[in-house]
Peer 1: 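I am attaching a structure below and will ask some questions about it afterwards.
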Amino acid sequence: MLDENNDVVAVTSAGTTPVAEGFTARMPLVAAAASAALLSACGGGGGGGSQSPTPPDNTPPANTGGGVISAQQASRFLMQASMGATHDQITRVQALGYAGWIDEQMALPLSMSCWDWLMAKGYNAATNMNTENGFDSAIWRKLIYSTDTLRQRVTLALSEIFVVSIDGLVGAGWRAFSAAAYVDLLAANCFGNYRKLLETISTSAPMGQYLTFRGNLKYDPKTGALPDENYAREIMQLFSIGLLKLNADGTPALANGAPQETYGLNDITGLARVFTGWDFDLTVSKTDTPDFLRRPMIQIAARHETGASTFLGNTVPAGLTGEQSLKAALDIIFAHPNVAPFISRQLIQRLVTSNPSPAYVQRISAIFLNDGQGVKGSLGAVIKAILLDDEARNTSIASSPQFGKLREPVLRFTNWARAYNISSASDLWNIGNTSDTASRLGQSPLRSPSVFNFFRPGYVPPNTAIAAATLVAPEFQITNESTVVGYVNFMQRIVSQGNSDLVPDYSSLLPLAENERTLLNEINLVLAAGQLSDATLSQLSTAISSMPVGTDAKRYNRIYAALTLVLASPEFIVQK
C-alpha cells in the first residue's frame, strides 16, 4: 500500500513500515502495481490447461547450441545456468555455444572458499567463537563475485536439497565457519559424483551438528535409550529417495492404483544404527579454533553399534567398523531406483522449471544412471544434460504457461548484482542476513528455517490456477503480500541508494537514460532475457517518460526507476 507520502509500505502487525524515498511521486505507485501483479501471477503466468508440456518422444534430448545463438537466447540460458547474466557472459555463450560454455565453467578452478575468506579477514579470532560474524559476507561474496558462476548456481541448488542452516549449527560455537565449511563442501563436489557427495555430507561436522547425529550413541540395554534417528530419516526422505516409490520418469509408482511408501519406521530405526559413534575429529586441534569443523567426523568405536542393521530390504552385516557400516549403508541407498528420478527432478526444478515433463525427468534420470562412460551418479553430466535438454532450450516449450519457475528472491538479487558489477569497497560485502520478510528479501543463503528448505519441491499454492492445473510452484511457499512488498522496497532502496559498502556500476546505462524505451530494452535483455512484453515495456516507458532529463543526477533517477520497475515486474520474476 502507499502511505501519506506516496511511498510503498509493507503492512505488518506493528503498522506500516516506510521504505526509501520514491524517485518521483509516480515511481512508488507503479512499483505497488507491479507488486499486485506479481501476487496475481500465482496462476502460472496466465493459467492454461491442466497438463504440463510433454515433448513428443522423438524430441532431441539435447540442444548443444549449434548455429547462431542470439543475445536473448544466451541471456535466457544464463538465467538457468548462472547467478546472473552479464554482457560479457552473454557474449561468451554466443562464442562458445551452450555446451562449450558449460565445459569452460566446469573446468574453472575453485574460486576462493568461504572458509579461506573468513580466515583472511580474521574471523577466527576468539571473540567470534559464539557468533555468526562474517558468514553472510562470505556467502554473498561467493554468489555475486566469483567467476565460476555455474558452480555457484549449482551449489545454491544443492544447498536447498541437502539442507544445513546456520541457525541450527549448535553445540560447538564457530557457526560462521561451520556453515562456510558446508557450503565449500557442496561447491567442491557439485560437479562430482552423487555417491561421494552423499558420503562427504554424511561425515561432515556441519551435518552432524545440524541433524544431531554427532555424538550419537548405540542402543543402551540398561536405560533403553535408542540412537538418534534424525539423520537416518532425512537422508532417505530428503537427500536420496523420498517418501513414495517412483517410476524412472519421476511419477509415482502405483500398486493397485495407490502410491507406495519407500520406507517405514523399522527402516529408520535400522539405518539409525549405522549413524552411531560419529563425532568431531579433535585429534589435531580442539574447539578453541574452528579448524575441527572443516575435518570429516571420525568414529569412536565404543559408541558404534556393531550389530547388523536392516533397512530398505537390505542388511548391513554385523561386525563391521563404523566406517565400513556407513559405506555399506550408503551403497544400499545409492542402489535404490528412486535416487535418479528423485534427485534429477529436484535439480531440474532448481535450475529450469517447476513442472518438468515426465519425459524430461526420464532423460535426465537415464544420464544419472549412466553418463555415457558407464558412470552412475555423475552430477556434472546431469547438470549439463539438464541445461542442454530440448525442454530447457526450446523456446516454443518455454512459451507454455505451465513452463518456468518463480525466481527465488536470492536469485533476483544476484541477477541485478552481477548484471551491474556490484563491488564492495571494503571487500566486506555488507549485505547481511536478508531473511526479514517485511523489509528485505525474505530469504538468505543457508538460512532455511528447517531441513525442508525455504520451500518444498511439491508445494502447491492453494486456491490458485496452479492448483487447479495440478501443477506445483515451490517458490510460492515464501511468496505473500508481505514478502512481495518487502522485496520491492528492498530492491528500490539498494538500486537507488546502495549502502555504505556496495557500489553498482551503471555506466553502461547512463548514455541510454534519456531514451526510456532504449534504456528499458537494454535492462530487459540482461535481466529478463527479453521476456518483458511490449505491453509491459510500454507501461513502464510511460512511467519513466514523465521523469525529467538534462543532468546526470536526473538520468540516474531514470535508471533507478527503470531497474526497480523491471525487477518488480512479474515477467522478470517468473523465469521462463
Side-chain angles (χ1 to χ4, degrees), residues 52-65 76-77 79-82 98-99 101-103 105-106 150-151 153-158 160-162 186 189-198 238-242 244-253 333-394 397-398 400 402-405 457-458 471-472 474 575-576:
S52 58
T54 303
D57 291 341
N58 62 354
T59 298
N63 182 331
T64 58
R76 178 174 177 267
F77 170 77
M79 285 198 303
Q80 301 167 347
S82 76
Y98 302 128
W101 184 89
I102 293 171
D103 291 342
Q105 281 284 312
M106 288 187 176
L150 174 61
R151 185 183 296 274
R153 180 65 181 269
V154 177
T155 298
L156 180 66
L158 292 177
E160 295 179 355
I161 299 173
F162 306 94
L186 295 179
N189 290 276
C190 69
F191 301 142
N193 192 276
Y194 168 85
R195 170 64 180 78
K196 180 185 177 184
L197 174 64
L198 197 61
L238 301 176
F239 303 165
S240 61
I241 65 175
L244 301 177
K245 292 183 179 180
L246 302 174
N247 297 311
D249 63 4
T251 58
I333 292 173
F334 188 46
H336 196 286
N338 261 36
V339 172
F342 184 76
I343 296 299
S344 296
R345 188 174 192 277
Q346 287 195 73
L347 286 171
I348 295 171
Q349 286 185 305
R350 298 278 48 80
L351 301 177
V352 177
T353 182
S354 296
N355 294 277
S357 72
Y360 190 5
V361 175
Q362 186 159 10
R363 290 192 294 271
I364 305 307
S365 295
I367 297 296
F368 188 101
L369 294 173
N370 185 339
D371 66 354
Q373 305 297 320
V375 177
K376 178 182 178 182
S378 174
L379 291 173
V382 166
I383 297 302
K384 188 172 184 179
I386 287 171
L387 295 172
L388 296 182
D389 192 273
D390 191 73
E391 196 160 328
R393 303 272 56 82
N394 191 320
I397 294 174
S400 164
Q402 288 84 18
F403 182 88
K405 64 191 293 291
L471 302 174
V472 301
Q575 172 187 306
K576 296 289 284 183

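Basis for what follows: all heavy atoms, side chains included, without hydrogens, waters or symmetry-related copies. The structure displayed is predicted, hence computed values, not measured ones.
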Peer 1: Please find the pair of heavy atoms, one from Ile348 and one from Ile364, that lie closest to each other, and give the distance.
Peer 2: CD1-CG1, 3.8 Å

Peer 1: Going by ring pair (Phe, Tyr, Trp, His ring centres under 6.0 Å), name the residues that satisfy it together with Phe368, two or more places apart in sequence or in a different chain.
Peer 2: Tyr194

Peer 1: Which pairs with one or both residues in residues 366-382 pass side chain to side chain donor-acceptor pair (under 3.5 Å), sequence neighbours excluded?
Peer 2: none

Peer 1: Would you say that Ile397 contacts Tyr360 through its side chain, given a criterion of any heavy-atom pair below 4.5 Å between the two side chains?
Peer 2: no

Peer 1: Could you check whether any side-chain heavy atom of Lys384 comes within less than 4.5 Å of a side-chain heavy atom of Ile102, counting everything from C-beta outward?
Peer 2: yes

Peer 1: Given 3.5 Å as the limit, does a donor-acceptor pair link the side chain of Lys576 with the main chain of Gly404, or not?
Peer 2: no

Peer 1: Using a 4.5 Å cut-off on heavy atoms from C-beta on, say whether the side chain of Asn394 contacts that of Asp389.
Peer 2: no

Peer 1: Give me the atom names and distance for the closest heavy-atom approach of Ala248 to Ser365.
Peer 2: O-OG, 3.2 Å

Peer 1: OG of Ser354 to CD of Gln402: how many Å apart, nearest 0.5 Å?
Peer 2: 12.0 Å

Peer 1: Can you confirm whether Leu347 sits close enough to Leu158 that some side-chain heavy atom of one is under 4.5 Å from a side-chain heavy atom of the other?
Peer 2: yes

Peer 1: At their closest point, which heavy atom of Ile386 faces which heavy atom of Ser344, and how far apart are they?
Peer 2: CD1-O, 4.3 Å

Peer 1: Which pair of heavy atoms, one from Ala392 and one from Arg76, lies closest together, and at what distance?
Peer 2: O-NH1, 2.9 Å

Peer 1: State the CG-OG distance between Asp390 and Ser357, to the nearest 0.5 angstrom.
Peer 2: 10.0 Å

Peer 1: Give me the atom names and distance for the closest heavy-atom approach of Pro474 to Pro457.
Peer 2: CG-O, 3.4 Å

Peer 1: Are the side chains of Ile383 and Leu351 in touch, meaning some heavy atoms are under 4.5 Å apart?
Peer 2: yes

Peer 1: Tell me, do Leu198 and Phe239 make a side-chain contact under 4.5 Å, heavy atoms counted?
Peer 2: yes

Peer 1: Mind checking side-chain hydrogen bond (donor to acceptor under 3.5 Å, both in side chains) for Arg345 and listing every partner two or more places apart, or none if nothing turns up?
Peer 2: none

Peer 1: Rounded to the nearest 0.5 Å, what separation is found between the CG atom of Asn338 and the CG atom of Asn247?
Peer 2: 9.0 Å

Peer 1: Quick one: closest heavy-atom pair of Gly250 and Val361, and the distance?
Peer 2: N-CG1, 3.9 Å

Peer 1: Can you sort out the partners of Arg151 under salt bridge (charged side-chain N to carboxylate O under 4.0 Å, His left out), two or more places apart, ordered by chain and number?
Peer 2: Asp148

Peer 1: Taking the six-membered ring for Trp, are Phe77 and Trp101 parallel (under 30°), tilted (30 to 60°) or perpendicular (over 60°)?
Peer 2: perpendicular

Peer 1: Any chance you could measure Met106, atom CE, to Leu379, atom CG, to the nearest 0.5 Å?
Peer 2: 9.0 Å

Peer 1: The criterion is side-chain hydrogen bond (donor to acceptor under 3.5 Å, both in side chains); which residues satisfy it with Asp249, sequence neighbours excluded?
Peer 2: Thr251

Peer 1: Could you please spell out the steps behind the side chain to side chain contact (heavy atoms under 4.5 Å, CB included) verdict for Arg153 and Arg350?
Peer 2: CA-CA 9 Å; Arg153 180 65 181 269; Arg350 298 278 48 80; over 6 Å; no

Peer 1: Just jot down the side-chain hydrogen bond (donor to acceptor under 3.5 Å, both in side chains) partners of Gln80, sequence neighbours excluded, or say none.
Peer 2: Arg393

Peer 1: State the OG1-CZ distance between Thr353 and Phe403, to the nearest 0.5 angstrom.
Peer 2: 4.5 Å

Peer 1: For residues His336 and Ser240, determine if any side-chain heavy atom of one lies less than 4.5 Å from a side-chain heavy atom of the other.
Peer 2: no

Peer 1: Quick one: are Ile161 and Leu238 in side-chain contact, heavy atoms under 4.5 Å?
Peer 2: no

Peer 1: I need the Leu197 CG to Cys190 SG distance, nearest 0.5 Å.
Peer 2: 9.0 Å

